*Asks:* 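Here it is, the structure, as structure tokens.
Residue numbering restarts at 1 for every chain, and letters A, B, ... go by the order of the sequence lines. If you're wondering where the values come from, they're calculated on a predicted model, not measured in any experiment.
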Amino acid sequence: MTMRTSGTISAVVLVLASSSGSAFASTCSCASVPLLGAMQSASPNDKQWFFASTYEFHELSELVNGSSTIPDQTGRDRTSQAMVLELSHGLSEKWSFSALVSAVEHEREIGGDRDSATGLGDAVVMLKYSPSTISLFSKDTLSFGIGSRLPIGVDDAKDEGLTLAEDLQPSTGSYAGMVWAYYARALNESRGAQIYASGSYTYNGDNDRDYQFGNNVTLAFGGSYQTATPWGFNLELLYRNADRDQRNKVDIPNTGGTWLDISPAVQYHVSDTLALKASAKIPVARNLNDTLQFTTKYAVRVSLSYLFGN
Amino acid sequence: MNKKSLPGKSFVAAILMSLVVTACGGGGSGNKNREPAPLPDIGEWLLPLDRIADGGPGRDGIPALQNPEFESAATVSLRLTNLAVAIRHNGAVKIYPHDILNWHEIVNDGPADDPYSLSYCPLTGSALAWKGLMSHADPSFGVSGLLYDSNLLLFDRETSSVWSQMFGISVSGPRIREIPQAMQVLEGYYGTLRGMYPDAMVMTRNTGYIRDYIEYPYRDYRTSADLLFLVSNIDNRMHPKTRVIGFRSGTGIEANAVSKVYQLGAFGPTLQAINDQVDGQDIVVVGSTDLNFAVIYSRELADGTILAFSPVIDDLPNIMSDDEGNVWDSFGTAVSGPRAGEQLAMTNSYVAYWFAWATHFPDAQIHFNDL
């Protein structure tokens, strides 16, 4: 019985780890494209390791005027793909450390003309403090994090000698500071049903071309449910508000705004420590700055996460 | 910007294959099978590459208009103080409102056997028109998505050569160094142009595209001192967005060409004619602040005569008379007098924001220098 309960709790931790990290979605913004749920919210226990590998596809071909979608009529196709690797480690009962690296491909195609850039994206490091964690003895998880985005990737990709636009660069080329908070509450004894909320703020610096991606705030509210089978489900509402980008401290028109997305997810537990997850991000509403912006039409993500050690 | 897939194209896919196991095999990666059309490599550039910026939308991301609809100025509802561009072609005048040009930047127009392309760069405030090359099956131009010192770079659809709007020359591609045949462009308040040519046809908002033509897409850019893209030469003698009409003594990217600008806001309320000489070329600059209008023609005729002009007040479209008793209209045609029917020679001149003129043509002279 104890063994089973322990296994269940581990599975729940893994569900959480792989299901509710979307508050970080925009904290690892590789050249303006937020990586959906790029960093998980896992705060491994003391001496535990958590590894996640996530692939994400963004379709960014939606043309929006304020809050209205309008037909583009240029045949434009704008996509981004990212591969994100994350490693977290429990430093103690309450402290943990996470690091994330990304590889990104941006592509813009109109008619027969295609521009693309592929390379190492940004990295994120974060120190987390979790005074409370869902366990046999607690129904609550509370975590705080402070971190930085590191421009370790390619931010000067060129096409025939011409530097590509900022949003096509795999890396932002700039440092960022970020803070994050996360709260979850278990709704039942098995800890299989949970609700959670998280929020983050990212302050972006300038890159070498004096370009600054807009600072942004994210909020996420969601619930997850782990069935008695290996299957679990998650539903999340994501809010994001981004300032306008700036070049040389001058606001760039048609950047920034507010997005509200919904993200359903399903996960399958191969074992107590290994899980697969698939999720999507679907726009619910948005109100984007100025007159015309291309933005996310949808995004999908698959991830593999593994909890090990101790 | 035709692009073959970069060497690292398979980077993400390779990682996917190795790390995500079966998860990515089911597709959803969105990888496209389409290959880019076989466009020629660009190769040599006449412009320094580090001053060319990717504006963001990509090639054709800002859609040029192709033979748009027009309606009579008598029926068009357009604010009289909105800016517009006018072209006279085969005797008929067409007016192109900035409101639409801001969103499309290029209009390919004219009959099939005599086409032309009007380009307007909202970031540099410059409008120019070029005759189409009939030697090409497709003489039209598109928006390349590239900017040189904030100014529009066009591409021609036949060869994908890239053209600098303000320099008026092909700067890369198979047609490098070609200079297009310019057409006279008038720019001013819509009310001014309509007052000159009440029978003109006006481009309508039925462009086939859904755009908010009432809204200006660049916020306060027209009046702000801020620029959206860095430029190589900042000249602080005037506010960056001061609208000037500039004249150049040369064409293309000639470093030794002399240029001079005249501020539209300094002509005064009624038409003023300035008989000037710049770098040995005799020109007349006619403009009015209240009309938000200015144009420059050569004062030297084909027979070597150099005319001296005076403004004609309240007789639009006639704007000046000369010392021989001829009256000339805004397109530089003598409408009365001994030279009736003759045409003044165009000059290499157009309206632009001061910052744009100054960065393309450094050390420009300023006519109203005491302002």
Side-chain angles (χ1 to χ4, degrees), chain A residues 53-55 57-59 65-66 70-71 73-79 81-83 85 103-105 107-119 154 157-168 209-210 247-254 276 278 290-292 294 300 302-304, chain B residues 1-13 15-16 19-21 23-24 26 28-32 34-39 41-43 45 49-50 52-63 103 145-146 208-212 215-219 221 224 226-230:
Chain A
S53 168
T54 301
Y55 166 75
F57 174 79
H58 258 253
E59 174 62 54
N65 178 340
I70 61 175
Q73 298 166 289
T74 65
R76 177 190 172 106
D77 193 8
R78 173 72 174 87
T79 60
Q81 299 178 77
M83 189 70 213
L85 302 180
V104 179
E105 179 185 80
E107 186 168 301
R108 177 182 67 192
E109 183 167 352
I110 304 175
D113 189 59
R114 183 173 70 189
D115 298 303
S116 67
T118 303
V154 177
K158 292 180 171 60
D159 173 20
E160 296 180 358
L162 301 174
T163 303
L164 291 167
E166 301 291 346
D167 75 310
L168 286 175
R209 292 179 293 276
D210 297 318
R247 181 182 282 111
N248 207 23
K249 304 302 179 193
V250 175
D251 281 350
I252 306 294
N254 303 308
L276 288 168
D290 308 320
T291 52
L292 213 54
F294 281 99
V300 294
V302 292
S303 65
L304 172 72
Chain B
M1 296 288 279
N2 179 34
K3 180 79 181 194
K4 287 78 186 170
S5 192
L6 292 175
K9 171 78 168 65
S10 59
F11 190 77
V12 171
I15 298 174
L16 279 174
L19 292 176
V20 184
V21 202
C24 69
S29 70
N31 271 326
K32 296 175 289 296
R34 284 186 292 160
E35 290 300 320
L39 299 176
D41 288 335
I42 291 297
W45 284 82
L49 297 188
D50 61 355
I52 297 175
D54 181 342
R59 200 175 90 151
D60 267 336
I62 296 174
W103 291 90
L146 302 174
Y209 292 91
I210 298 173
R211 297 290 187 272
D212 189 357
E215 285 290 320
Y216 176 68
Y218 301 101
R219 303 185 73 209
Y221 180 82
S224 165
D226 296 329
L227 306 181
L228 296 183
F229 291 88
L230 304 180

*Asks:* Which value, rounded to the nearest 0.5 Å, describes the distance between A/R76 atom CZ and B/D60 atom CG?
*Replies:*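 That separation rounds to 11.5 Å.
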*Asks:* Looking at OG1 of A/T74 and CZ of B/R59, how far apart are the two atoms once the value is rounded to the nearest 0.5 Å?
*Replies:*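 Answer for the OG1-CZ pair, A/T74 versus B/R59, is 12.5 Å.
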*Asks:* Is B/I62 close to chain A through its backbone or its side chain, or both, or neither, when contacts mean heavy atoms under 4.5 Å?
*Replies:*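 Neither part; nothing is under 4.5 Å.
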*Asks:* Taking salt bridge (charged side-chain N to carboxylate O under 4.0 Å, His left out) as the criterion, tell me which of A/K158, A/R108, A/R209 meets it with B/D54.
*Replies:*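 Testing B/D54 for a salt bridge (charged side-chain N to carboxylate O under 4.0 Å, His left out) against A/K158, A/R108, A/R209 leaves exactly one candidate, A/R108.
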*Asks:* Measure across A/I252 and B/L228 and return the closest heavy-atom pair with its distance rounded to 0.1 Å.
*Replies:*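 Looking at all heavy atoms of both residues, the closest pair is CD1-O, 4.1 Å.
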*Asks:* Are the side chain of A/D113 and the backbone of B/G58 linked by a donor-acceptor contact shorter than 3.5 Å?
*Replies:*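 Checking the backbone N and O of B/G58 against the side chain of A/D113, no donor-acceptor pair under 3.5 Å is found.
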*Asks:* For the side-chain contact (heavy atoms from CB on, under 4.5 Å) test, which of A/I70, A/N65, A/T291 pairs with B/R211?
*Replies:*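 When A/I70, A/N65, A/T291 are each tested with B/R211, the side-chain contact (heavy atoms from CB on, under 4.5 Å) holds only for A/I70.
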*Asks:* Among the options B/S224, B/G208, B/G145, B/A53, pick out the one with the most heavy-atom pairs lying under 4.5 Å from chain A.
*Replies:*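 Between B/S224, B/G208, B/G145, B/A53, the count favours B/G208.
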*Asks:* Ignoring hydrogens, what is the shortest heavy-atom contact between B/Y209 and A/Q73? Give both atom names and the distance.
*Replies:*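 Residues B/Y209 and A/Q73, closest heavy atoms: CA-OE1, 3.2 Å.
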*Asks:* Kindly give the heavy-atom pair with the smallest separation between A/G161 and B/L49, and that separation in Å.
*Replies:*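 Shortest heavy-atom separation between A/G161 and B/L49 comes out as O-CD1, 3.8 Å.
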*Asks:* Measure the shortest side-chain to side-chain distance between B/P217 and A/L292 over non-hydrogen atoms and say whether it is less than 4.5 angstrom.
*Replies:*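 No; the side chains remain at least 4.5 Å from each other.
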*Asks:* Testing the basics here: between B/G56 and A/A165, what is the closest heavy-atom pair and its distance to 0.1 Å?
*Replies:*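 That closest heavy-atom pairing would be CA-CB, 3.9 Å.
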*Asks:* Given that the side chain runs from C-beta out, which part of B/Y221 has a heavy atom under 4.5 Å from chain A: side chain, backbone, both or neither?
*Replies:*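 Contact with chain A is absent: no heavy atom of B/Y221 under 4.5 Å.
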